[in-house]
Number of protein chains: 2
Amino acid sequence: MQSFTEENYLKAIYSLSLRHEGDVSTNALAELTATKAASVTDMLRKLSDKELIHYKKYQGVRLTEEGERLALQVIRRHRLWEVFLVEKLGFGWDAVHDIAEQLEHIRSDELVVRLDGYLDHPQFDPHGDPIPTPAGKMPETGYRKLTEVGVGEDVRLMAVLEHSTEFLQHLDRSGLTLGCIITVKTVNDFDKSLLVRTETGSTVFASQDVAKNLLVS
Amino acid sequence: MQSFTEENYLKAIYSLSLRHEGDVSTNALAELTATKAASVTDMLRKLSDKELIHYKKYQGVRLTEEGERLALQVIRRHRLWEVFLVEKLGFGWDAVHDIAEQLEHIRSDELVVRLDGYLDHPQFDPHGDPIPTPAGKMPETGYRKLTEVGVGEDVRLMAVLEHSTEFLQHLDRSGLTLGCIITVKTVNDFDKSLLVRTETGSTVFASQDVAKNLLVS
DNA sequence: GGAATGCTTTAGACATATCTAAATTTTCAG
DNA sequence: CTGAAAATTTAGATATGTCTAAAGCATTCC
Ligand SMILES: [Mn+2]
Ligand SMILES: [Mn+2]
Ligand SMILES: [Mn+2]
Ligand SMILES: [Mn+2]
């Protein structure tokens with residue numbers, strides 16, 4: 001049985017190992033968990049003792065099979081709760097992440113099974129992220145970042161990588177909603193910013209910082 | 001802001017102060033929170049520093065107004081989540097208490113407001129307990145214990161005082177459901193056990209231990 | 001190849017919440 | 001009213017998770 005804190009570290013390791021190739025560094029974990037490197041080292045020793053991570057001093061860290069299974073369970077719960085908060089309670093997609101950060105740690109297998117059924121076995125959360133299977137596998141999506149799309153291409157906005165309230169409210173104001181079709185009109189060579197046309201015909205400016213957090217297919 | 005643990009102590013103090021007149025004792029709290037008296041004393045010092053309880057060494061403890069307000073907020077959340085688990089997720093009333101013990105600590109005012117609306121502002125939880133108001137008042141019910149009912153009286157089962165799975169499953173097997181009408185047929189002078197007739201016409205035996213946990217009106 | 005630099009780990013503390021054992025205070029019985 | 005029993009508090013420890021400061025590796029840049 002893991003504490004909240006251990007679950008959060010497992011999730012953080014999983015998340016960082018997707019972002020870059022190779023093992024996850026102590027400093028990266030310290031930044032993501034908003035702690036100090038020394039605290040991370042302590043926790044890595046503990047997770048290693050429990051055989052949830054592969055860890056050699058100074059060499060970075062990687063989840064074991066069991067560690068990944070647990071991380072995906074937490075992510076599954078997080079995303080199911082986000083669906084609940086949006087679909088059933090009527091929260092905006094910009095307001096659910098912090099509450100789901102708490103709800104994801106509620107311990108009850110039966111609860112997850114019933115919640116999943118009540119929500120009609122959703123495949124994606126309100127941010128377009130795929131919901132891991134009960135068995136602990138993360139579905140593949142094959143989405144690309146909007147920054148990789150060529151001028152003239154029509155694509156559909158499928159997911160966002162950033163969950164902060166500020167970012168999501170910015171998208172709302174820009175009329176960029178999940179599922180909408182967008183066309184890349186121009187790419188600025190200097191700052192890689194984009195001009196895109198939305199379904200409604202309006203033209204929206206997207207800095208590289210915004211575009212790299214938008215996933216399309 | 002209170003920790004989970006502090007919230008649980010506040011709830012425990014509230015609950016015990018209903019059970020008996022006068023201040024709550026250290027030992028009673030130790031038993032209810034499944035800790036030792038020494039641990040309770042430590043926590044009482046802390047809650048007293050925060051002015052959530054009135055506490056004088058060796059003299060027992062009592063909630064301040066602020067302490068009671070917080071305790072009732074926790075109880076409100078607990079009972080709303082129990083309603084959700086039964087009404088929306090289809091849990092049995094015998095399976096929800098432990099999950100609600102976790103959910104009651106989720107911190108988000110907005111969440112409670114929306115959950116309450118989603119459930120249609122319920123007045124009672126699945127065990128018949130009244131749900132405290134958003135302002136922090138506990139509604140009066142005026143229920144009596146079944147042990148105080150005279151032979152021949154017709155009463156309606158309104159609530160249960162004990163929430164354990166075993167007790168509630170026993171009631172299910174006996175056909176005693178919330179809202180049902182029961183008639184006291186005989187009271188055994190020796191052990192105070194009862195024979196009651198239910199709506200369906202069947203006769204059910206209830207030991208004093210069972211009857212004192214049944215509230216009727 | 002050998003510093004200098006930057007990560008990372010260790011050392012030593014602190015806060016929370018718990019425990020056992022011992023000391024203290026209150027209560028109650030004779 | 002007084003001494004024993006019961007209840008409560010204090011003393012000293014443990015476990016978790018965090019921190020700062022100092023020391024130990026690793027990489028890289030002459
Ligand atoms: Mn999220
Ligand atoms: Mn999400
Ligand atoms: Mn309950
Ligand atoms: Mn209840």
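Note that the coordinates shown come from a computational prediction; the quantities given were computed from them, not determined experimentally. Labels below follow one simple rule: chain letters A, B, ... track the order of the sequence lines, proteins then strands, and each chain is numbered from 1.
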Take atom [atom1] of [X] and atom [atom2] of [N], then tell me their distance rounded to the nearest Å.
{"X": "B:D49", "N": "C:dT16", "atom1": "CG", "atom2": "P", "answer": "11 Å"}
{"X": "A:E31", "N": "D:dT18", "atom1": "CD", "atom2": "P", "answer": "16 Å"}
{"X": "B:K50", "N": "C:dT16", "atom1": "NZ", "atom2": "C1'", "answer": "11 Å"}
{"X": "B:Y58", "N": "D:dA6", "atom1": "OH", "atom2": "P", "answer": "17 Å"}
{"X": "A:K56", "N": "D:dA26", "atom1": "NZ", "atom2": "P", "answer": "12 Å"}
{"X": "A:D23", "N": "D:dA26", "atom1": "CG", "atom2": "C1'", "answer": "15 Å"}
{"X": "B:D42", "N": "D:dA15", "atom1": "CG", "atom2": "P", "answer": "17 Å"}
{"X": "A:Q59", "N": "C:dT8", "atom1": "CD", "atom2": "P", "answer": "10 Å"}

[N] phosphate, OP1 or OP2: any side-chain N/O from [X] under 4.0 angstrom?
{"X": "A:Y55", "N": "C:dT9", "answer": "yes"}
{"X": "A:S39", "N": "D:dT18", "answer": "no"}
{"X": "B:N27", "N": "D:dA6", "answer": "no"}

Reckon [X] touches a base, only the sugar-phosphate, or nothing at all at heavy-atom distances under 4.0 Å?
{"X": "B:T5", "value": "sugar-phosphate"}
{"X": "A:T26", "value": "sugar-phosphate"}
{"X": "B:F4", "value": "nothing"}
{"X": "B:T35", "value": "sugar-phosphate"}

Has B:R76 got a side-chain atom pairing as donor or acceptor with B:P132's backbone, closer than 3.5 angstrom?
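Looks like yes, one N/O pair under 3.5 Å.
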
Between B:R114 and A:F91, is NZ or CZ placed under 6.0 angstrom from the six-membered ring centre and within 45° of the ring axis?
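Yes, B:R114 and A:F91 form such a contact.
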
More than 12 non-hydrogen atoms from neighbouring residues, nucleotides or ligands closer than 6.0 Å to CD on A:E110, yes or no?
yes

Does B:E6 pair with B:K50 as a salt bridge, N-O distance under 4.0 Å?
yes

Kindly assign one of parallel, tilted or perpendicular to the pair B:W81 and A:W81, based on the angle between their ring planes and the thresholds 30° and 60°.
perpendicular

DNA chain D: 5'-proximal contact among A:K57 and A:A38 (nearest heavy atom):
A:A38

With respect to the side chain of [X], which nucleotide from [options] is positioned closest?
{"X": "A:S25", "options": "C:dT8, C:dT9, C:dT18", "result": "C:dT8"}
{"X": "A:K36", "options": "D:dC19, C:dT24, C:dT8", "result": "D:dC19"}
{"X": "A:R45", "options": "C:dT20, C:dT18, C:dT10", "result": "C:dT10"}

